[in-house]
Amino acid sequence: MKAKFKKNPVPARWRQEIHSILIPEPQIARRVKSVAREIGRDFRGRELVVVAVLNGTVLFLADLVRHLNLPLRLDFVGVSSYGAGTKSGKLVFTKELRLDVRGRDVLLVDDILDTGKTLSRVRAKLLRLKPRRLKTCVLLDKPARRVRKIQADYVGFQIPDHFVVGYGLDFDERYRNLPFVGILRSPLDSTAS
Ligand code: IMP
Ligand code: MG
């Protein structure tokens, strides 16, 4: 589903930092429910191991699993690209998987598929552990910046090439708590407003 631009005013509290709302809260809620239904149909009652990439998935994951009509176990991997900012650099694992996924049905969840480096790296690592089935799910897909040939099996919204924050996504660990997905003002224009 493509995120549509609609005029939604940014709450006054965030106006200095957030340029505009790309995906408002009700639209996220509806889409997350329908993605969960799709996953439920595909895995048809099998027990899932949901592997979520920290930290950006926290809000999306909490909503997604509540609508997943399947028995599941949750685990997390930590992947960090070096340094703060909007560029993704060298990847390091900051938390390893704890559950055994061999022979299991696995759903790998991330916040956003951007260059594709993170998802392809984590996916390859999971595949080495020999799951029965591995599917990938992302809230957002920004195909414009892809450098790895990877697509997610379940995508919440395809978005244009903007740096977005909120609903789990951060800039320098900030803005994860915003209930909507918003476009961050560039540091240059935030001083001007
Ligand atoms: P990739 O490895 O380039 O695909 O990037 C994946 C990671 O980069 C995501 O899990 C995010 O943490 C981060 N990222 C990429 N684009 C954005 C964005 O627009 N806003 C916030 N974080 C982003
Ligand atoms: Mg991040």
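All figures in this text were calculated on a predicted structure; none of them were measured in a lab. Along the sequence shown, the residues carry numbers beginning at 1. Both counts, for ligands and for their atoms, begin at 1 and track the order of listing. Excluded from the calculations below are hydrogen atoms, water molecules and symmetry mates; all remaining heavy atoms, backbone and side chain alike, are included.
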When clusters are formed by joining ILVMFWY residues with side-chain heavy atoms under 4.5 Å apart, either directly or through shared neighbours, do Val138 and Leu91 land in the same one?
-> yes
Could you state whether Leu127 and Leu97 fall into the same hydrophobic cluster, counting links through intermediate Ile, Leu, Val, Met, Phe, Trp or Tyr residues with side-chain heavy atoms under 4.5 angstrom apart?
-> yes
What closest approach, in Å, do Ala144 and Asp161 show between heavy atoms, and which atom pair accounts for it?
-> CB-CB, 3.9 Å
At their closest point, which heavy atom of Gly182 faces which heavy atom of Ile18, and how far apart are they?
-> CA-CG2, 4.1 Å
Assess [X] for proximity to ligand 1: is some non-hydrogen atom of it under 4.0 Å away?
| X | answer |
| --- | --- |
| Arg146 | no |
| Lys142 | yes |
| Gly56 | no |
| Leu119 | no |

Those atoms of ligand 1 less than 4.0 Å from some heavy atom in [X]:
| X | value |
| --- | --- |
| Phe163 | 17 (C), 18 (C), 19 (O), 20 (N), 21 (C), 22 (N), 23 (C) |
| His162 | 19 (O) |
| Asp110 | 10 (O) |
| Thr115 | 1 (P), 2 (O), 3 (O), 4 (O) |
| Asp170 | 21 (C), 22 (N) |

More than 12 non-hydrogen atoms from neighbouring residues, nucleotides or ligands closer than 6.0 Å to CD on Gln151, yes or no?
-> no
For ligand 1, the portion of Leu169 having any non-hydrogen atom under 4.0 Å away | side chain
Say whether Val164, considering both its backbone and side-chain N or O atoms, lies within less than 3.5 Å of an N or O atom on ligand 1.
-> yes
If you measure every N/O of Gly116 against every N/O of ligand 1, is any gap under 3.5 Å?
-> yes
Six-ring centre of Phe93, Lys125 cation under 6.0 angstrom, axis tolerance 45° | yes
What distance separates Leu178 CG from Arg13 CZ, expressed to the nearest 0.5 Å?
-> 9.0 Å
How many angstroms lie between atom CD of Glu17 and atom OH of Tyr175, to the nearest 0.5 angstrom?
-> 3.5 Å
